[in-house]
Amino acid sequence: MEPQVSNGPTSNTTNGPSSNSRNCPSPMQTGAATDDSKTNLIVNYLPQNMTQEEFRSLFGSIGEIESCKLVRDKITGKLLSVACFPAHQGQLTLKVSYARPSSASIRDANLYVSGLPKTMTQKELEQLFSQYGRIITSRILVDQVTGVSRGVGFIRFDKRIEAEEAIKGLNGQKPSGATEPITVKFANNPSQKTSQALLSQLYQSPNRRYPGPLHHQAQRFRLDNLLNMAYGVKRFSPITIDGMTSLVGMNIPGHTGTGWCIFVYNLSPDSDESVLWQLFGPFGAVNNVKVIRDFNTNKCKGFGFVTMTNYDEAAMAIASLNGYRLGDRVLQVSFKTNKTHKS
DNA sequence: TGCGATT
């Protein structure tokens with residue numbers, strides 16, 4: 001994460017200000033408690049091991065503190081800002097700036113962008129969006145293993161209205177040099193994937209493995225045969241794949257940084273994620289499921305994806321569910337392929 | 001016969 005605004009090196013964790021002689025008026029003394037635009041600070045690049053007490057002590061040496069809080073990630077518990085160590089300094093440099101006052105005008109100004117050319121850099125992404133306003137943060141998501149862009153990213157504008165204008169101007173447009181249009185929409189809140197994680201946990205418990213309506217069908221298959229059916233030829237050994245960095249970037253069907261990705265075709269228009277959990281959960285650890293929907297109608301476009309942790313379980317699921325009749329439809333299930341470079 | 005992506 002890059003600092004967007006720098007006030008210069010203002011403090012240092014090892015030799016920061018220690019004097020108590022500064023005479024800074026506190027909000028209470030000035031009666032400015034209702035306007036925190038100049039009394040509320042945001043501090044980035046705090047060390048991960050800093051305690052609330054140390055944080056208070058560091059800034060309490062400068063003036064009276066009305067309140068202070070360390071902001072941690074809800075899931076990991078880590079401090080949200082990432083420490084940076086400038087090479088020439090070898091020490092931690094804090095970034096201290098005025099906190100942006102929370103108000104309706106800057107709320108929900110975060111955009112999710114998909115369909116980006118894989119070659120587009122973060123800088124180019126910012127250049128594209130900067131015509132619509134001041135960008136606070138930007139990010140392009142990359143594959144965990146290869147580092148290659150996943151073609152999706154985020155842009156946070158200073159103001160909600162700037163984000164709205166960017167959607168109007170860029171959604172469905174082709175960036176110069178791009179062959180496909182991009183999708184620009186408001187981003188989801190980065191929480192609430194916890195429900196999915198809970199579902200995943202449920203299906204990963206041993207006594208939930210291979211139960212349900214497909215139990216007998218799944219048992220009829222021997223693993224060797226399943227693997228051959230899934231790939232048509234000899235199996236890839238997941239041990240070999242994980243152990244050989246030279247294979248990174250190779251086009252192994254379905255293999256991603258986080259597991260084995262499965263393409264599911266011929267879902268009905270009213271399908272939702274729960275049907276994929278129910279179909280694939282019985283075969284083992286499911287990381288993630290996704291039903292692809294039409295932007296306008298919100299109906300399923302007929303296909304979806306399932307990512308499973310273990311190769312053997314993914315292959316078993318494919319062998320069992322490919323050709324499976326769901327209502328009046330016959331599912332087609334296979335490892336996902338790269339459909340990006342269609343020649 | 002159709003292959004996304006939510007920090």
Side-chain angles (χ1 to χ4, degrees), chain A residues 1-2 4 71-76 78-82 108-118 120 122 125-126 129 135-157 163 167 171 180-197 251-269 271-273 276 280 286-295 298-308 314 318 321-323 326 329-343:
Chain A
M1 190 189 203
E2 293 279 322
Q4 305 86 42
V71 182
R72 295 181 183 279
D73 185 287
K74 280 176 200 149
I75 295 153
T76 66
K78 290 190 168 184
L79 287 177
L80 276 184
S81 63
V82 178
D108 303 322
N110 195 29
L111 296 180
Y112 172 77
V113 189
S114 60
L116 294 168
K118 298 292 199 291
M120 181 177 270
Q122 186 181 8
L125 180 68
E126 288 203 7
F129 280 82
I135 294 167
I136 302 301
T137 57
S138 70
R139 175 165 297 182
I140 289 179
L141 302 188
V142 299
D143 184 280
Q144 282 184 343
V145 176
T146 64
V148 174
S149 167
R150 291 161 69 194
V152 300
F154 295 88
I155 291 280
R156 181 183 292 280
F157 277 102
I167 291 175
N171 184 38
E180 299 301 319
I182 62 172
T183 299
V184 186
K185 57 174 95 166
F186 286 109
N188 292 338
N189 228 315
S191 55
Q192 73 191 216
K193 67 177 173 185
T194 41
S195 62
Q196 206 174 71
N251 192 12
I252 299 162
H255 189 240
T256 70
T258 51
W260 296 87
C261 191
I262 298 165
F263 175 64
V264 186
Y265 182 70
N266 214 13
L267 297 169
S268 78
S271 299
D272 64 3
E273 270 71 11
L276 292 179
F280 286 82
V286 177
N287 298 338
N288 183 52
V289 303
K290 184 74 183 176
V291 166
I292 306 306
R293 294 183 172 84
D294 181 88
F295 181 81
N298 212 32
K299 292 284 185 187
C300 174
K301 287 163 86 169
F303 63 96
F305 296 93
V306 176
T307 305
M308 297 186 70
I318 289 170
L321 293 173
N322 185 38
L326 184 66
R329 292 163 169 269
V330 176
L331 296 185
Q332 293 175 38
V333 184
S334 63
F335 281 114
K336 172 183 139 47
T337 60
N338 283 337
K339 206 64 186 344
T340 42
H341 48 75
K342 50 206 167 199
S343 53

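Chain letters run A, B, ... following the sequence lines, proteins first and then strands; every chain starts at 1.
- Nearest nucleotide to the side chain of A:F154, out of B:dT6, B:dA5, B:dG4: B:dT6.
- Taking atom CZ of residue A:R293 and atom C1' of nucleotide B:dC3, one finds them 16 Å apart after rounding to whole Å.
- Among the heavy atoms of the strands lying under 4.0 Å from A:F303 are primed sugar atoms or P, OP1, OP2 only; no base atom is included.
- Between A:K118 atom NZ and B:dA5 atom P the separation is 10 Å, expressed in whole Å.
- A:R139 and A:E126 are not joined by a salt bridge, as no carboxylate oxygen comes within less than 4.0 angstrom of a charged side-chain nitrogen.
- Residue A:S334 has its side chain nearest to B:dC3 when only B:dT6, B:dA5, B:dC3 are considered.
- None of A:V286, A:N288, A:I262 except one satisfies the side-chain contact (heavy atoms from CB on, under 4.5 Å) rule with A:T307; the exception is A:N288.
- Stacking of the aromatic ring of A:F305 onto the base of B:dG4 is found: the ring centres lie under 5.5 Å apart and the planes are inclined by under 30°.
- Taking atom CG of residue A:N338 and atom C1' of nucleotide B:dA5, one finds them 13 Å apart after rounding to whole Å.
- The separation between A:K301 atom NZ and B:dT1 atom P is 16 Å, rounded to whole Å.
- For the side chain to side chain contact (heavy atoms under 4.5 Å, CB included) test, residues two or more places apart in sequence or in another chain that qualify with A:P181 are A:K174.
- Residue A:R150 places at least one side-chain N or O under 4.0 Å from the OP1 or OP2 atom of B:dT6.
- Taking the side chain of A:L141 as heavy atoms from C-beta on, and the options B:dT6, B:dG4, B:dC3, the nearest nucleotide is B:dT6.
- Proximity note for A:Q332 (side chain, C-beta onward) versus B:dT1, B:dT6, B:dC3: the nearest is B:dT1.
- Straight-line distance from the CZ atom of A:F335 to the C1' atom of B:dT1: 19 Å, rounded to whole Å.
- Remark: A:C300 pairs with A:L267, A:S271, A:V291 by the side chain to side chain contact (heavy atoms under 4.5 Å, CB included) rule, at least two apart or across chains.
- In this structure, CG of A:N266 is placed 14 Å from P of B:dC3, rounded to the nearest angstrom.
- Of the possible donor and acceptor atoms, one in the side chain of A:N266 sits under 3.5 Å from a partner among the backbone N and O of A:V330.
- Atom CD of A:E180 is separated from atom C1' of B:dC3 by 13 Å (rounded to the nearest Å).
- Atom-to-atom, CG of A:L331 to C1' of B:dC3 comes out at 15 Å; the value is rounded to the nearest Å.
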